[in-house]
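Notes for the one structure printed next.
As the structure lists them, so they are numbered: ligands from 1, and atoms in each ligand from 1.
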Amino acid sequence: MTPNLRIQGRDAQSNNILAGKAVASAVRTTLGPKGMDKMLVDSMGDIVITNDGATILKEMDIQHPAAKMIVEVSKTQDAEVGDGTTTVAVLSGELLSKAEELIMKGVHPTIISEGYRHAAEKCREILETITIAISPDDEAALIKIAGTAITGKGAESYKETLSALTVKAVRSIVEEEEDGFKVNVLENIKIEKRAGGSIDDSELVDGLVIDKERSHPNMPEKVENAKILLLSCPVEFRKTEMDSEIKITSPGQMQLFLDQEEKMMKEMAEKVIASGANVVFCQKGIDDMAQYYIEKAGIYAVRRVKKSDLKRLSKVTGGTIIQDLDQITTADVGTAGLVEEKEVKGGKMTYVTGCQNSKAVTVLLHGGTEHVVDSLDRALNDALHVVGVVIEDGKIVVGGGSSEIELSLRLSEYASTLKGREQLAVSKFAEALEVIPEALAENAGLDPIDMMVELRSQHEKGNKNAGLNVYTGEVVDMWENDVIEPLRIKTQAINAAMEATVMILRIDDVVASTGSANQGMGPGGLPDMPDLDMDAAY
Ligand code: ADP
Ligand code: MG
């Protein structure tokens, strides 16, 4: 088959729109607490069962350049707010679909793009008027926010424990700066997961937990006033790249060789001991002989520590990561109040606590099986982020489709004040927003038409918080039902979906370019362009 090297005009447009819509429809059924799960099977046969939009899109093997844009937007949403990843993909799909209707009627994509941009701007304004302020000290509200993010992630049965754990973890790392509170979840909260035990065995540790035990049982189990040495180099001989052999012709030579080896190991160990440290974390291996001397010196040593853990340890203890044993100085040694090995369900771990110069905490997550801990982990991740976002912004909106309906109504009122074709685009944008409550209803097995009629009429009566109770099929006050989300989820989702749609709409030519960006042809003869230059699309 000769692949098409170039697709132009209307064909390129409808092809891109189709691809974008396809991605959106792949995750649409997972939206909301009653969303279905997807089973992802990779080429090795490993499976992941989830309904987390970001995870699904990340794992899907997507080739089409336009479809990839939707995946990118969802990833960005995940990185920026940690939640709303399905919402953003579904909304993009709907915006594309509505744009297609307008294109069919002869409205130029540029006009649609401008209208969409205008609409997203207006959405931000409208949203500001329906937000509710939340104080960072309002623990009850924060727990509800965590709970909303956890709902529908296969972790409902643990919602209470997980929400409480989330809020406790996030509140312990809040930093107060001049321009308000700052929460850096990624940097300051470490999640360590263990299959074994149950969620109730999970704990929040004020410090770092490293999933490793000390390297020898004769080492102390507990070191107070720890002086910590961090090594990224091995305490053993590096294996050479080349094959080499030594010829030994007499027993004396053999002894000499062994003595020499022992001497060198002893020297290596002495360099470690000379640092004055009583705890050593090594990213690589520690030779048994060297370990013997280290253990004799009463040092707690851990080997094969993950690089990311070493970095965290460096930040928390103030120690420098050493790459060469000859470079160690006493100033490189970090400190912690206590380093100890503890027995947890499913094995032993090293706890580093009592660090003065950091806010790092670890959530030690337990669950029955690998799959359970993994889904708890994904739910916890979303929850930690949204709670962090609310502490930073102090603003929430109500969920269950409620804010989307309110936005949709207010935006279409606004559209009627506009003129010409722009009005068409803004009204379509308003219509597209309804996809969220619609999908929530569909996924809960409810009749979307009945539900939408009821929702609209409640909002027209002024019930701004009316949303869908997906469990009972009733339209209720979502604030009273504790379904609340950060404002930033919505503003970010709407804006990002608009950006992705506009970008896709403005492309009228897909060319297989030469060079590194062109790594092959995707299905349907479309060029696979992983490094598509986004700015160039404008
Ligand atoms: P996303 O990846 O976009 O966060 P989710 O599957 O988490 O997707 O679904 C989020 C949607 O579900 C939001 O619109 C939110 O308001 C809604 N939602 C969450 N909890 C409830 C609930 N208890 N009742 C109704 N809607 C809910
Ligand atoms: Mg969510």
Side-chain angles (χ1 to χ4, degrees), residues 23-24 26-38 50-58 70-71 73-94 127 130 144-156 159 162-163 166 375 378-387 389 396-408 433-446 451 455 465-494 496-497:
V23 173
V27 289
R28 181 177 173 140
T29 57
T30 69
L31 187 80
K34 291 273 197 145
M36 304 295 278
D37 291 346
K38 303 271 169 193
T50 180
N51 73 4
D52 186 64
T55 311
I56 299 167
L57 293 172
K58 235 183 277 170
I70 310 276
V71 180
V73 182
S74 172
K75 278 192 200 160
T76 314
Q77 177 85 12
D78 197 28
E80 305 255 316
V81 248
D83 197 12
T85 53
T86 317
T87 304
V88 72
V90 171
L91 197 54
S92 307
E94 195 65 13
L127 274 172
I130 58 170
K144 289 173 195 166
I145 291 154
T148 305
I150 289 165
T151 318
K153 293 275 170 284
E156 276 82 0
K159 193 162 133 181
L162 219 47
S163 309
T166 303
S375 63
R378 280 192 292 269
L380 182 64
N381 242 310
D382 284 12
L384 288 171
H385 273 101
V386 295
V387 172
V389 164
I396 57 112
V397 290
V398 292
S402 159
S403 50
E404 285 85 358
I405 290 281
E406 183 68 21
L407 258 182
S408 173
L433 289 166
E434 294 192 334
V435 72
I436 302 298
E438 227 170 72
L440 286 174
E442 271 167 27
N443 294 346
L446 303 167
M451 289 295 133
L455 277 169
N465 297 342
L468 200 57
N469 182 334
V470 289
Y471 302 101
T472 61
E474 285 164 327
V475 171
V476 294
D477 187 305
M478 281 294 156
W479 170 254
E480 279 163 20
N481 271 255
D482 302 342
V483 181
I484 49 182
E485 299 172 289
L487 166 68
R488 209 196 294 174
I489 287 197
K490 300 293 174 198
T491 44
Q492 172 80 20
I494 291 172

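Salt-bridge check for K34 with E442: failed, with every basic side-chain N at 4.0 Å or more from each acidic carboxylate O.
Using a distance-only test at 3.5 Å, with no hydrogens or angles considered, a donor-acceptor pair links the side chain of T166 to the main chain of L162. With T148 contributing its side chain and E485 its backbone, the two residues share no donor-acceptor pair below 3.5 Å.
Residue T30 approaches ligand 1 through these ligand atoms, each under 4.0 Å from one of its heavy atoms: 6 (O). Near T148, meaning under 4.0 Å from any of its heavy atoms, are these atoms of ligand 1: 19 (C), 20 (N). Interface of G399 with ligand 1, defined as ligand atoms under 4.0 Å from a residue heavy atom, comprises 16 (O). For ligand 1 and T86, the ligand atoms under 4.0 Å from any heavy atom of the residue are 1 (P), 2 (O), 3 (O), 8 (O).
Where the criterion is an N or O separation shorter than 3.5 Å, residue side chain and backbone included, T85 meets it with respect to ligand 1. By the 3.5 Å distance cut-off applied to N or O atoms, G84 is counted among the residues near ligand 1. Remark: ligand 1 and Y471 share no N or O pair separated by less than 3.5 Å (distance only, no angle test). For the pair G32 and ligand 1, the shortest N or O to N or O distance falls below 3.5 Å. In terms of N/O distances under 3.5 Å, ligand 1 is approached by E485. Residue-to-ligand polar distances keep T151 apart from ligand 1: every N/O pair is separated by 3.5 Å or more. Residue contacts with ligand 1: N51 is placed with no nitrogen or oxygen under 3.5 Å of a nitrogen or oxygen of the ligand (distance criterion only).
Annotation: side chain of L127 is in contact with side chain of L487 (closest heavy-atom distance under 4.5 Å). Counting heavy atoms from C-beta on, the side chains of W479 and S402 never come closer than 4.5 Å. In this structure, the side chains of V81 and H385 stay at 4.5 Å or more apart for every pair of heavy atoms. Inter-residue side-chain proximity for T87 and L31 is flagged as met; some heavy-atom pair is nearer than 4.5 Å. Contact annotation: the side chain of M36 never approaches that of N51 to less than 4.5 Å [non-hydrogen atoms, C-beta and beyond]. For the pair E94 and L433, the minimum side-chain heavy-atom distance is 4.5 Å or more.
Annotation for S92 and I70: closest pair CB-CD1, 3.5 Å, computed over non-hydrogen atoms.
Interatomic distance, R28 CZ to T86 OG1, rounded to the nearest 0.5 Å: 12.5 Å.
At least one heavy atom of L31 sits closer than 4.0 Å to an atom of ligand 1.
Using modelled atom types, one finds no donor on one side chain facing an acceptor on the other under 3.5 Å when comparing S163 with K144.
The nearest protein atom to atom 7 (O) of ligand 1, hydrogens excluded, is given as K153 NZ, 3.3 Å; this is a heavy-atom distance. Looking only at heavy atoms of the protein, atom 4 (O) of ligand 1 is closest to D83 OD1, 2.7 Å.
Closest to atom 24 (N) of ligand 1 by heavy atom, among V88, L468, I436, is L468. The heavy atom nearest to atom 23 (N) of ligand 1, considering only I56, T55, V90, V483, is found in V483. For atom 16 (O) of ligand 1, the nearest non-hydrogen atom from the set G400, P33, S403 comes from G400.
Of all the heavy atoms of T87, the ones lying under 4.0 Å from any atom of ligand 1 are found in both the backbone and the side chain.
At a cut-off of 2.8 Å, D83 is counted among the residues with an N, O or S atom near the Mg ion (ligand 2).
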